[in-house]
Amino acid sequence: AARSMLEYDIDGVVYKVDRLEWQDRLGQVSRAPRWAVAHKFPAEKAITRLIDIDIQIGRTGALTPVARLQPINVGGVIVSNATLHNEDEIRRKDIRIGDYVILQRAGDVIPQIVSSLPEKRDGTETIFTFPNTCPKCGHPAVRLIGEAVTRCTGGFLCNAQCIERLIHFVSRDAFDIEGLGSKQIILFNQLGWLKKPSDIFLLPEKEKEIALLDRMGKKSAKNLVNAINMRRKIELDRLIFALGIRQVGISTARLLAQTYKTLEVLQQKCIYAQNINHPSYQELIDIDQIGESIANDLIIFFKKKENQRLVSSLLKSITPIIPEIANLKSSFSGKVIVFTG
């Protein structure tokens, strides 16, 4: 009741047992005490009008509908955009362009449309038709059976996907190239210097041109060239993660690196694994934490000729470092240990 009168924002309260000896007796589990519980307040809601729906293209080609809203203050923040997630979400909530909608910030952070208000319609609203081609590159957009997401099939030929993939390629857990952020990637892409990951390692040849760009200069250009050259040798798991294969995070990339030792072997095994009766397929799904779904995404990625060319061109510019597996010898080595209870 006092929330609105406080001089600071809160999103909930924590209730605690108010006796130290009782707290000691109750103890705690691994991540939280048993003597306290958090109470998150319901998100603050507001009503505004949905002006239009745009489509954004992600790194994996996902077409994400984004609601453009009449700006409104929700919990102290002016909100003008909200994700609509996918085609099914729009249909389920019966959201139309021109609708009045109920808006909230999920967890007091992420703008979210809760529902539309059909009773406020005046007949001028229009039903949104989800595109079957990519609005950025014109390639077919496909929704696979069993998936909620529609994806552009353009790959690196789709400029929107290309930029997002390049940003991922130089991200912290991937190549982590200092000085090559999203703004520089977009600029170099517009100049025609950066269309695929292997082009990054050709940028040192353009050091003089880079130095002449706005807000760069000789020192910044030199630092960027040095940062790129430092990444010509990189851990194999970072390289695999940088490729941006669906469902392959840094942990899965590490497992693949330790199993196959080189990117060429991983690629060849995945090409063989297109035949589920081939030993390579069984070898792939036998890796701990890799099942049929992740294996299928690996196979799809490496069977594409454009991705095979991507791997080939990358390996001309960089040297992956083979991961070392710690040689731990003990009385338990070679034994299977089962923990229960």
Side-chain angles (χ1 to χ4, degrees), residues 4 9 11-12 40-155 158-168 171 182-183 185-186 189 244 246-247:
S4 61
D9 287 335
D11 62 359
K40 192 89 166 179
F41 294 146
E44 188 177 329
K45 294 181 173 64
I47 295 175
T48 189
R49 192 162 197 172
L50 193 156
I51 299 167
D52 203 356
I53 297 176
D54 292 341
I55 295 290
Q56 289 184 347
I57 313 299
R59 172 174 60 85
T60 61
L63 274 63
T64 303
V66 178
R68 305 303 179 192
L69 305 164
Q70 192 170 324
I72 189 168
N73 189 319
V74 185
V77 175
I78 302 299
V79 176
S80 57
N81 303 315
T83 179
L84 292 168
H85 301 291
N86 53 55
E87 182 180 8
D88 291 347
E89 184 80 352
I90 295 173
R91 289 181 179 175
R92 185 177 67 81
K93 293 180 177 177
D94 188 24
I95 295 170
R96 304 180 186 185
I97 297 171
D99 267 348
Y100 282 93
V101 294
I102 298 174
L103 183 71
Q104 71 178 18
R105 288 169 62 215
D108 278 345
V109 178
I110 302 167
Q112 177 187 54
I113 292 177
V114 179
S115 63
S116 61
L117 296 171
E119 64 274 14
K120 286 184 170 285
R121 288 174 183 161
D122 58 12
T124 60
E125 297 79 14
T126 56
I127 295 173
F128 178 72
T129 303
F130 212 86
N132 53 18
T133 59
C134 175
K136 303 295 183 182
C137 70
H139 280 85
V142 177
R143 179 177 175 179
L144 298 177
I145 296 171
E147 290 196 3
V149 178
T150 301
R151 298 183 191 278
C152 168
T153 57
C158 173
N159 204 48
Q161 269 189 81
C162 173
I163 289 171
E164 290 298 326
R165 287 189 178 193
L166 288 166
I167 291 171
H168 172 78
S171 62
S182 56
K183 288 182 180 179
I185 286 172
I186 292 168
N189 177 267
R246 283 184 63 199
Q247 297 196 77

Undergrad: List the steps and the verdict of side chain to side chain contact (heavy atoms under 4.5 Å, CB included) for R246 and R151.
TA: CA-CA 12 Å; R246 283 184 63 199; R151 298 183 191 278; 3.0 Å; yes
Undergrad: If you measure from CZ on R92 to OG on S115, what distance do you get to the nearest 0.5 Å?
TA: 10.0 Å
Undergrad: I want to check something: taking the side chain as every heavy atom from C-beta on, are V101 and L117 in contact at a cut-off of under 4.5 Å?
TA: no
Undergrad: Do R121 and D99 meet the salt-bridge criterion of a basic N to acidic O distance under 4.0 Å?
TA: yes
Undergrad: May I ask you to say whether D88 pairs ionically with R143, meaning some side-chain N is under 4.0 Å from a carboxylate O?
TA: yes
Undergrad: Would you indicate whether the side-chain heavy atoms of I113 and I95 approach each other to under 4.5 Å?
TA: yes
Undergrad: Compare every heavy atom of T153 with every heavy atom of P140, then report the nearest pair and how far apart it is.
TA: O-OG1, 2.8 Å
Undergrad: Out of curiosity, E87 CD to T64 OG1, how far, rounded to the nearest 0.5 Å?
TA: 12.5 Å
Undergrad: At their closest point, which heavy atom of G138 faces which heavy atom of T133, and how far apart are they?
TA: O-CB, 4.0 Å
Undergrad: Once rounded to the nearest 0.5 Å, what's the spacing between atom CG of L63 and atom CD1 of I55?
TA: 5.5 Å
Undergrad: Sub-3.5 Å donor-acceptor pair from the side chain of R165 to the main-chain atoms of G244, do we have one?
TA: no
Undergrad: So, for C152 and H139, which heavy atoms are closest and what is the spacing to 0.1 Å?
TA: SG-CB, 4.2 Å
Undergrad: Could you check V79, I51, L103, L50 and say which one makes a side-chain contact (heavy atoms from CB on, under 4.5 Å) with Q70?
TA: I51
Undergrad: C134 and A141: which non-hydrogen atoms are nearest, and at how many Å?
TA: N-CB, 4.2 Å
Undergrad: Measure the CZ-CG distance between R105 and D11 for me, rounded to the nearest 0.5 Å.
TA: 10.0 Å
Undergrad: Using a 3.5 Å distance criterion without hydrogens, assess whether the side chain of S116 forms a donor-acceptor pair with backbone atoms of K93.
TA: yes
Undergrad: Determine, for D94 against R96, whether the closest basic-nitrogen to carboxylate-oxygen distance falls under 4.0 angstrom.
TA: yes
Undergrad: Identify the two heavy atoms, one from G58 and one from Q161, that lie closest to each other, and give their separation to 0.1 Å.
TA: O-CG, 3.4 Å
Undergrad: Minimum heavy-atom separation for I72 to I47, with atom names?
TA: CD1-O, 3.0 Å
Undergrad: Starting at CD of E164, measure out to CG of N159 and round the result to the nearest 0.5 Å.
TA: 10.5 Å
Undergrad: Please assess F130 against T150 for the test side chain to side chain contact (heavy atoms under 4.5 Å, CB included), listing each intermediate value before the final yes or no.
TA: CA-CA 9 Å; F130 212 86; T150 301; 3.7 Å; yes
Undergrad: Say you draw a straight line from CG of L69 to CG of D52; how long is it, rounded to the nearest 0.5 Å?
TA: 10.5 Å
Undergrad: Within a strict 4.5 Å, meaning less than it, do heavy atoms of the P111 and V77 side chains meet?
TA: no
Undergrad: With a cut-off of 6.0 Å (strictly less than), are more than 12 heavy atoms of other residues, nucleotides or ligands near CD1 of I127?
TA: no
Undergrad: Could R68 and D54 be called an ion pair, given the rule that one side-chain N must be under 4.0 Å from one carboxylate O?
TA: yes
